[in-house]
Structure formats: C-alpha cells, structure tokens
Participant: 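Structure in structure tokens, see below.
One is the number of the first residue; the rest follow in order along the sequence. On a predicted model such as this, the values are computed, not experimentally measured, just so you know.
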Amino acid sequence: FDGFAVVTSTIMKLTKSRKEPVMPILCVLCFFLSAVIDNLTATIVCLKLLRHTVGHDRHLRHTIGALVVVAANAGGAWSPIGDVTTTMLWLAEKITVGKTISSLFLPALVVMLLPLIGLMWEARGEARLSDAVEARAALAVDAPMPEVTRGKVAVLLTGVSCILMVPMLKMATGLPPYLGMLLALGILWFVTDTLAFQNFANPRTKEATSHSSGTPTTPALPLHHGAARGRLSVVDALHKMDLTGLLFFAGVLLAVGALDTVGVLERYAKMLVNLCGEGPLLISTLLGISSAVVDNVPLVQASINMFGTTAPTDDPLWQLVALAAGTGGSILPVGSIAGVTLMTIEGVGFLWYCRRVSLWAALGFAAGLAVYQLQTSMSA
C-alpha cells in the first residue's frame with residue numbers, strides 16, 4: 001500500500017534530501033515510538049523508512065540501522081510497555097508506570113544520545129559523499145518525491161492505530177501481544193478489502209477533454225475488482241515476507257528457549273548474584289552485559305524469582321534491572337530482538353556491528369547507568 005510514503009515524503013522535505021539529518025530524525029522517532037509500541041515494531045517501521053530515505057547507500061544504511069537498534073532498545077527501557085522485560089517487571093508489580101518513566105527517561109536518553117553523537121561524527125564524511133553522489137545522479141535523472149495520496153494516508157493511519165491498539169488490549173484485557181498483532185492485521189485486511197476503501201483510495205477520474213465529435217469520454221471505473229485490487233491487497237504483502245529471516249529468528253528463540261528449559265540461564269543468574277553479592281548496580285551491569293549474549297527474558301525472570309520477596313516495588317534494583325536488561329542487548333547484534341531484526345532485514349554482519357557499533361553502544365550503556373546513579377543520589 002506504500003503507506004510509509006507519507007512519512008518518507010515528510011522526512012525528505014525536512015532534510016531536503018540530505019542524508020546527515022536522517023540519523024537524528026529516525027533515532028528520535030524510534031526512541032519515542034518504541035516506548036508506545038514495542039521495540040520490535042518500532043525497529044521494523046524505522047528500517048522501512050530508512051530504506052526509502054537513504055536509498056542504495058548500503059553502508060550508510062547499516063550505520064543508521066544500527067543507531068535505530070540502539071534507540072529502539074533505549075526507548076523500550078523507560079516505558080512499561082516498550083520492552084518485554086519492563087512489561088514483565090510491571091506485571092509482577094515490581095515497577096510502576098509513573099516512577100519508571102520519571103526515573104529511567106533521562107538515563108535511557110543518554111544511552112541513545114552517546115552512540116548517536118559518536119556514529120554521526122564517524123559517518124559525517126560518508127553522508128556528505130553520499131549526498132554529493134546522489135546530487136550528481138539527480139542532474140541526470142530527476143528523482144521524484146514519493147507521491148502522497150489519500151489512500152496511502154488512510155492506510156498509514158489505520159495501520160498505526162491498529163498497532164497502538166495492541167498494548168492497550170494487553171493492559172485492558174491481558175490479550176497476548178501476538179494475538180493483538182494478528183487482530184490488527186485482520187482489521188487492516190478487512191478495511192483495505194472493502195469496496196468503500198477501494199473507491200476511496202482510487203476515486204473515479206473524468207477526462208476534461210472531449211472527442212472531436214463533441215461526445216465526452218466515458219469516466220474511468222473505480223479500481224476495485226481486477227488488477228488494481230490485486231496491487232492493493234494484504235495477500236500480496238504476505239507473499240513478500242522474508243521466510244529466511246523468520247526461520248533465523250525462530251532458530252535463535254528455540255536455542256535460547258532450550259537453554260532456559262534445562263535451567264542453564266537460571267543457574268547463570270544465580271551465579272551472578274553470588275559473585276556480586278547484594279550490590280544492585282553491579283548485578284544489573286553484569287545482567288545487562290549478559291543480555292547482549294543470551295536472551296534477557298529468563299535472566300530478568302530469574303531476578304524476579306530471587307529478589308521478589310526482598311526488594312520492594314520501585315526499588316532501585318528493579319529500575320536498574322529494567323534499564324540494564326533493556327539497553328545491554330544493544331552491545332551485540334544478537335543481544336536483542338531489534339538487533340536480530342536488523343541482521344535479517346538489512347543483512348548486517350555480526351563482525352561489522354562489533355567493529356562499528358559495539359564500543360559506542362557499550363559506552364552509552366555505561367553512561368546511562370552512571371546517569372541513573374547520579375540522578376538517584378541527587379534526589380536522595
């Protein structure tokens with residue numbers, strides 16, 4: 001349906017087709033979007049926008065895509081519905097909405113800003129070179145602005161509304177998020193397949209000219225049954241799914257699930273506690289670093305089981321666990337669902353991510369924990 005053409009056109013107008021401003025715009029968008037919806041959906045949306053705005057510059061797209069992963073994980077850490085680990089802590093009544101947002105917003109922002117500044121500084125020459133190459137190409141071929149139609153606007157608004165409905169259903173009824181997303185897909189499918197939508201998206205056109213005989217031409221029929229309907233169909237979008245990416249992602253989840261089932265991750269979490277003692281900062285730091293290698297869900301669940309009766313609601317331990325487990329996964333591409341999504345959609349390599357992004361992500365992670373400690377000591 002090309003609903004993202006609306007956002008792409010807006011970004012291109014704001015940046016005037018320059019690549020350098022795309023980095024902060026997409027990162028800030030993903031940071032706040034992942035706090036409202038989950039970080040996986042926010043990552044997919046921003047990567048689709050990235051492909052439309054940056055174009056064929058694969059290396060620059062990988063760099064901005066890595067920043068999107070960092071922003072998505074950071075944005076999900078300060079919202080109880082932004083990441084599965086914060087949602088687990090919220091449902092277990094370990095954190096509250098107001099205290100989590102007020103305590104973790106600034107540290108999460110620092111986690112995003114430090115890698116953003118560092119990678120922008122490293123990629124500034126590359127972005128300018130890409131702009132110069134595309135400017136020369138535009139002299140030969142006039143690249144048009146993406147067309148924005150009322151059908152695309154309607155699809156975008158309907159899709160975003162359905163996605164925003166998922167966390168609301170989760171909070172109101174306890175409906176699992178995957179069922180909420182299937183419901184959202186069904187609603188979007190039903191709306192776009194109706195005759196009324198087809199007539200709205202493809203209105204009748206009348207030719208202003210007449211034949212030489214004076215007889216007016218016949219107006220074009222609505223484009224609903226036929227080839228045009230085939231182009232505007234959810235079925236067509238489902239045929240374009242990346243099955244190899246889905247299988248890769250399923251394999252990662254199955255491997256982590258196997259480790260969790262045999263109790264390896266729980267024993268590892270207990271070993272961290274015995275190693276660190278009762279210091280919440282050290283425990284959370286090692287928990288966040290560990291979440292870059294294995295899934296953070298069983299580690300957080302083990303923490304809830306071990307400290308559930310000793311640490312009260314909104315204790316600094318739970319705030320640090322939410323921050324560290326949510327943002328530590330950005331250190332490695334396989335450490336979070338957003339990073340795995342980047343690898344499958346954009347084809348980013350593990351070693352490339354480690355060379356270009358891991359250091360900045362680790363610095364942002366450490367700076368976020370330091371800001372939280374400073375913020376806590378100042379408010380005490």
Side-chain angles (χ1 to χ4, degrees), residues 31 34-36 38-39 72-112 167 170-171 174 260 263 265-331 335-336 362 364-380:
F31 180 77
S34 62
V36 180
D38 62 285
N39 49 8
N73 290 331
W78 63 273
S79 169
I81 60 174
D83 186 79
V84 63
T85 53
T86 53
T87 303
M88 287 170 56
L89 293 168
W90 180 44
L91 293 178
E93 298 182 351
K94 304 304 177 187
I95 58 175
T96 57
V97 176
K99 184 67 175 177
T100 300
I101 295 175
S102 61
S103 300
L104 297 185
F105 176 78
L106 183 59
L109 186 64
V110 172
V111 171
M112 179 199 70
K170 170 65 178 176
M171 291 186 291
D260 185 30
L265 297 182
E266 185 176 358
R267 289 197 297 270
Y268 177 71
K270 290 180 179 178
M271 184 193 70
L272 290 180
V273 174
N274 295 330
L275 181 66
C276 303
E278 298 297 327
L281 179 60
L282 188 55
I283 292 175
S284 302
T285 302
L286 291 180
L287 185 71
I289 296 174
S290 301
S291 68
V293 181
V294 296
D295 189 32
N296 52 10
V297 172
L299 296 178
V300 172
Q301 185 60 51
S303 302
I304 293 174
N305 295 337
M306 285 183 288
F307 300 104
T309 57
T310 58
T313 302
D314 286 331
D315 189 78
L317 172 65
W318 302 124
Q319 304 289 350
L320 283 169
V321 166
L323 178 64
T327 60
S330 302
I331 298 176
S336 67
F365 171 74
L369 292 179
V371 168
Y372 177 83
Q373 286 295 100
L374 179 62
Q375 182 179 268
T376 303
S377 61
M378 291 177 62
S379 61

Participant: Looking only at heavy atoms, what is the nearest atom pair of Ala322 and Ala77, with distance?
Facilitator: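 In terms of heavy atoms, the two residues are closest at O-CB, 4.0 Å.
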Participant: Under the 3.5 angstrom rule, does the side chain of Ser102 hit a backbone N or O of Lys99 as a donor-acceptor pair?
Facilitator: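 Yes, Ser102 side chain to Lys99 backbone: donor-acceptor pair under 3.5 Å.
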Participant: Measuring from atom CG of Asn39 to atom OG of Ser79, what distance do you get when rounded to the nearest 0.5 angstrom?
Facilitator: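 These two atoms lie 10.5 Å from each other.
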Participant: Among Asp83, Ile101, Thr100, Leu323, find the residue that satisfies the side chain to side chain contact (heavy atoms under 4.5 Å, CB included) test when tested with Trp78.
Facilitator: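 Going through Asp83, Ile101, Thr100, Leu323 one by one, the side chain to side chain contact (heavy atoms under 4.5 Å, CB included) with Trp78 is satisfied by Ile101 alone.
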Participant: Can you name the residues that form a side-chain hydrogen bond (donor to acceptor under 3.5 Å, both in side chains) with Ser336, not counting sequence neighbours?
Facilitator: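 Testing Ser336 for side-chain hydrogen bond (donor to acceptor under 3.5 Å, both in side chains), a comparison that skips the adjacent residues, returns Asn73.
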Participant: What heavy-atom pair brings Gly328 and Ala292 nearest, and what distance separates the two atoms?
Facilitator: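 Of all heavy-atom pairs spanning Gly328 and Ala292, the closest is O-CB, 3.4 Å.
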Participant: Holding to side-chain contact (heavy atoms from CB on, under 4.5 Å), I want the full list of residues that pass it with Gln373, two or more places apart in sequence or in another chain.
Facilitator: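 side-chain contact (heavy atoms from CB on, under 4.5 Å) check on Gln373 returns Leu281, Leu320.
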Participant: For Val321, what residues pass the side-chain contact (heavy atoms from CB on, under 4.5 Å) criterion, not counting sequence neighbours?
Facilitator: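 Applying side-chain contact (heavy atoms from CB on, under 4.5 Å) to Val321 gives Leu89, Ser284, Leu287, Val300, Leu317.
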Participant: Give, for atom NZ of Lys94 and atom CG of Asp315, the distance between the pair rounded to the nearest 0.5 Å.
Facilitator: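 Output value for this atom pair is 10.0 Å.
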Participant: Do Pro107 and Val110 have side-chain heavy atoms sitting under 4.5 Å apart?
Facilitator: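 A side-chain contact is absent here, since even the closest heavy-atom pair is not under 4.5 Å.
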Participant: So, using side-chain hydrogen bond (donor to acceptor under 3.5 Å, both in side chains) as the criterion, who are the partners of Ser34 when residues are at least two apart?
Facilitator: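 Ser34 satisfies side-chain hydrogen bond (donor to acceptor under 3.5 Å, both in side chains) with no other residue.
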Participant: I need the minimum non-hydrogen distance between Thr327 and Ala74, along with the two atoms involved.
Facilitator: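 Answer, listing the atom of Thr327 first, then Ala74: CG2-CA, 3.9 Å.
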Participant: Within the distance-only criterion (no hydrogens, no angle test), does the side chain of Gln375 pair as donor or acceptor with the backbone N or O of Ser103 below 3.5 angstrom?
Facilitator: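 Here the side-chain-to-backbone pair exists.
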Participant: I'd like to know if the side chain of Thr313 reaches the main chain of Glu93, judged simply by a donor and an acceptor atom lying under 3.5 Å from each other, with no hydrogens or angles considered.
Facilitator: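 Flag set: sc Thr313 to bb Glu93 pair under 3.5 Å.
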Participant: Taking only residues two or more places apart in sequence or in another chain, which ones pass side-chain hydrogen bond (donor to acceptor under 3.5 Å, both in side chains) with Thr96?
Facilitator: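 Result, side-chain hydrogen bond (donor to acceptor under 3.5 Å, both in side chains) vs Thr96: Asp314.
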Participant: Rounded to the nearest 0.5 Å, how far apart are CG of Leu104 and CD of Gln319?
Facilitator: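 Leu104 CG to Gln319 CD: 4.5 Å, rounded to 0.5 Å.
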Participant: Has the side chain of Trp318 got a donor or acceptor atom that lies under 3.5 Å from a matching backbone atom of Pro312?
Facilitator: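 Such a contact is found between Trp318 side chain and Pro312 backbone.
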Participant: Looking at every non-hydrogen atom in both residues, tell me the closest pair between Ala325 and Ser291 and how far apart they are.
Facilitator: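 Reported closest heavy-atom pair: O-OG, 3.8 Å.
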Participant: For Thr86, give me all partners under side-chain hydrogen bond (donor to acceptor under 3.5 Å, both in side chains), at least two apart in sequence or on another chain.
Facilitator: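 Applying side-chain hydrogen bond (donor to acceptor under 3.5 Å, both in side chains) to Thr86 gives none.
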Participant: Might you point out which heavy atoms bring Phe365 and Gly288 nearest each other, and give the distance in Å?
Facilitator: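 Shortest heavy-atom contact: CZ-CA, 3.9 Å.
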